[in-house]
There are 2 protein chains.
Amino acid sequence: MLDPEKRLTLWRQIADRLAEEVTAGRFGDGRLPTEPQLAARFGVNRHTIRRAIGVLADQGLITVEQGLGTFVARHLEYVLGRRPRFDADLRSQGREPGRCVLSVATIEADPATARDLRLNRSAPVLQIEMIAYADGVAVSYGIHSFPARRFAALPNAFADTNSITAALVRCGVTDHTREVTRLLTRLPSEREARYLEQALSRPVLQAEAINADLANVRIQRSLVVFAGDRVQFRLAGGSTGETIGRPGSGAQPANRRPSPAIIGG
Amino acid sequence: MLDPEKRLTLWRQIADRLAEEVTAGRFGDGRLPTEPQLAARFGVNRHTIRRAIGVLADQGLITVEQGLGTFVARHLEYVLGRRPRFDADLRSQGREPGRCVLSVATIEADPATARDLRLNRSAPVLQIEMIAYADGVAVSYGIHSFPARRFAALPNAFADTNSITAALVRCGVTDHTREVTRLLTRLPSEREARYLEQALSRPVLQAEAINADLANVRIQRSLVVFAGDRVQFRLAGGSTGETIGRPGSGAQPANRRPSPAIIGG
DNA sequence: GTTCATTTGTTCGTATGTATC
DNA sequence: CGATACATACGAACAAATGAA
């Protein structure tokens, strides 16, 4: 099974082989064999398996959970195109989106929001704070800001539809596009980690996005942090929307987390 | 200086004020006053300052380093457009790009590379491993793979020009575009942390990119990890290449790191 | 290597205002 | 009205990290 001529180290060969199998969709339930099982299968010591597994875990292809097992990393993949369509992305991956609205309030614009939305300082801003879920697992926590004067009807529309996109449509914004997005990574604050149900030591992806209506007027500023262990982004370069990479197979370590109070879903 | 009518809490007012000053380019040397100094300036307790600073650090606007001080976060901003132009991005931000080539080798394709470049298994692949610097500070470590048969002349061209883009031009690829990119965050491996001269506990941004030539033939697969504390990405949405956000002022905690052996620069 | 000054990080304690029951 | 809980703000002291002498 392994190349005996040793042109490659054993752990490298095993890592390649496992990576192949993971991306090919073997381990359909999302669970890899235990380390002793793999050691037996490849006829090597468990240390060798651990080295191979370590490489793949580093690459983000699999995740290892002490006491539980090794699992195919099933990152949600958000496509960053011209339009923000997170719910559609989720559904296309067979996940059920949900959200939990933490607050809806009209406040004075903070300086950054005023600048990004091109408002006067202290102009009123409608602010929606919410957590997004996929299959009951938290994936993002974000604050979405809108010019309150223009979108006075948005709170009610949002309460009805429970969707920002749908609520915007009700307010006359039939379409909106991504104006600019900044992406960075950092460690979460205590509050963010709590909302995302993740460890403080695990990184988050922060996206700061500005959306505009068809007339190129800025209507939304979003500051969203995504759970780094559960989300990745894909940027389509050309016109082809080809899917590459992880097949998003079976089930994760299972839903150990108690489903929080999810409003929509 | 602060609003006495207390419509907002002190720490919120101070956070807003500091954010404004940071984005306005005050603190031109990139260093904020010490916490006691700020406490004296605003006439509040150091705790109140710390709370305000904590908010801004959470937002990624500033970075706090124990024993050193508080600094304006000066992320390198890479624009993710149709063409990968990292060096040009760097120069436009007044940074001097450099690189350190760790290895240039022709090897058998690993499964992921073969798939992404649409090669047969075990087809020869030219692999360049290198670290990129900006002003002598490591910002990324990456492995770049090319079909070896087509790009037999690339190693020499790369040795001459020390630039992948320039070397590709010499090989007849006058232009190339980003086909697809996947972005995710994770913690670095021990080796990556060493190359990037960063702590193991600080996250990295991983970009997996596939580039194609003008005939849409895939010619390059890159797996690059960026130092999360020093890099962020910007996605231009529309046609306007407007610059928003941090002004990228003065100097970071200073170049504490000894400049490693940098080849080009 | 040791010492020292500087700076942030942490943990006590205390007091006050505000919302809720 | 009181009782309780919570966020805000201040004061003091010590711990930990860093850089330089």
Side-chain angles (χ1 to χ4, degrees), chain A residues 100-108 110-111 122 127 129 131 141 143 186-195 199-204 260-261, chain B residues 1-22 26-75 135-138 187-188 190 193-194 196-203 227-230 249-260:
Chain A
C100 171
V101 178
L102 300 178
S103 73
V104 178
T106 300
I107 62 168
E108 240 180 50
D110 64 282
S122 80
Q127 199 171 275
E129 185 186 13
I131 305 174
Y141 158 72
I143 296 177
R186 58 180 174 82
L187 295 176
S189 67
E190 193 276 327
R191 165 210 280 248
E192 290 165 344
R194 198 171 58 242
Y195 285 158
L200 276 167
S201 59
R202 305 298 304 172
V204 296
Chain B
M1 176 169 297
L2 298 180
D3 181 359
E5 296 150 23
K6 272 203 127 203
R7 295 169 21 250
L8 279 174
T9 60
L10 283 177
W11 63 266
R12 195 93 192 75
Q13 292 181 56
I14 292 170
D16 282 354
R17 180 59 165 270
L18 286 178
E20 220 168 342
E21 296 182 350
V22 164
R26 191 170 167 169
F27 317 127
D29 59 346
R31 175 179 210 124
L32 272 72
T34 68
E35 291 173 357
Q37 281 169 351
L38 286 173
R41 176 186 148 192
F42 287 104
V44 298
N45 189 275
R46 189 174 151 229
H47 286 301
T48 312
I49 294 295
R50 283 182 60 75
R51 174 117 194 218
I53 282 180
V55 173
L56 303 187
D58 272 354
Q59 294 174 1
L61 198 63
I62 61 179
T63 64
V64 184
E65 305 206 26
Q66 183 173 357
L68 278 177
T70 307
F71 303 89
V72 177
R74 199 163 89 104
H75 285 185
D135 288 345
V137 180
L187 295 176
E190 193 277 327
R194 198 170 58 242
L196 294 177
E197 301 163 34
Q198 75 169 37
L200 276 166
S201 60
R202 306 298 304 173
D229 288 331
R230 315 201 258 274
S249 40
Q252 206 68 353
N255 271 9
R256 320 194 291 287
R257 306 163 190 85
S259 258

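A note on names: the letters A, B, ... follow the listed sequences, proteins ahead of strands, and every chain is numbered from 1.
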A.B. asks: Counting distance only, does the side-chain N/O of Glu129(A) pair as donor-acceptor with the main-chain N or O of Leu102(A) below 3.5 Å?
C.D. replies: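 Checked: no pair found.
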A.B. asks: Kindly say whether Asp58(B) contributes a backbone atom to a donor-acceptor pair with the side chain of Arg186(A) at under 3.5 angstrom?
C.D. replies: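 Side chain of Arg186(A) to backbone of Asp58(B): a pair is present.
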A.B. asks: Do the non-hydrogen side-chain atoms of Gln13(B) and Arg17(B) ever get within less than 4.5 Å of each other?
C.D. replies: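 No, side chains not in contact.
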A.B. asks: Among Val55(B), Ile53(B), Val44(B), Ile49(B), which one satisfies side-chain contact (heavy atoms from CB on, under 4.5 Å) with Trp11(B)?
C.D. replies: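 Between Trp11(B) and the candidates, side-chain contact (heavy atoms from CB on, under 4.5 Å) is satisfied uniquely by Val55(B).
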A.B. asks: Please find the pair of heavy atoms, one from Pro203(B) and one from Pro203(A), that lie closest to each other, and give the distance.
C.D. replies: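 Minimum heavy-atom contact is CB-CB, 3.2 Å.
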A.B. asks: First locate atom CG of Leu68(B), then atom CZ of Arg31(B), and finally report the distance between them rounded to the nearest 0.5 Å.
C.D. replies: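 Answer for the CG-CZ pair, Leu68(B) versus Arg31(B), is 7.0 Å.
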A.B. asks: Once you round it to whole Å, what is the distance between P of dT8(D) and CG of Leu8(B)?
C.D. replies: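 To the nearest whole Å, that distance equals 11 Å.
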A.B. asks: By salt bridge (charged side-chain N to carboxylate O under 4.0 Å, His left out), which residues pair with Arg51(B), not counting sequence neighbours?
C.D. replies: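 Arg51(B) satisfies salt bridge (charged side-chain N to carboxylate O under 4.0 Å, His left out) with no residue once adjacent residues are dropped.
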A.B. asks: Looking at every non-hydrogen atom in both residues, tell me the closest pair between Arg230(B) and Glu197(B) and how far apart they are.
C.D. replies: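 Answer, listing the atom of Arg230(B) first, then Glu197(B): NH2-O, 3.8 Å.
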A.B. asks: Polar pairs (N or O, both sides) under 3.5 Å between protein and nucleotides 11-13 of chain C?
C.D. replies:
residue: dT11(C); atom: O4; partner: His47(B); partner atom: NE2; Å: 3.3

A.B. asks: Using purine N1 to pyrimidine N3 plus N6-O4 or O6-N4 for Watson-Crick, or N1-O2 and O6-N3 for G-U wobble, both under 3.5 Å, which nucleotide pairs with dT8(D)?
C.D. replies: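 By the stated definition (distances under 3.5 Å), dA15(C) pairs with dT8(D).
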A.B. asks: Does dT8(D) have OP1 or OP2 sitting under 4.0 Å from an N or O in the side chain of Thr48(B)?
C.D. replies: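 Answer is no, no contact under 4.0 Å.
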A.B. asks: So, does Asn45(B) get its side chain near the phosphate of dA9(D), meaning an N or O under 4.0 Å from OP1 or OP2?
C.D. replies: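 The answer is no; no side-chain N or O of Asn45(B) sits under 4.0 Å from OP1 or OP2.
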A.B. asks: Whole angstrom is fine here: how far is it from CZ in Arg51(B) over to C1' in dA9(D)?
C.D. replies: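 Going from CZ in Arg51(B) over to C1' in dA9(D) covers 11 Å.
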A.B. asks: I'd like to compare against my own output: the B/S/- annotation of nucleotides 2-9 of chain C with a strict under-4.0 Å heavy-atom distance to protein.
C.D. replies: -----BBB
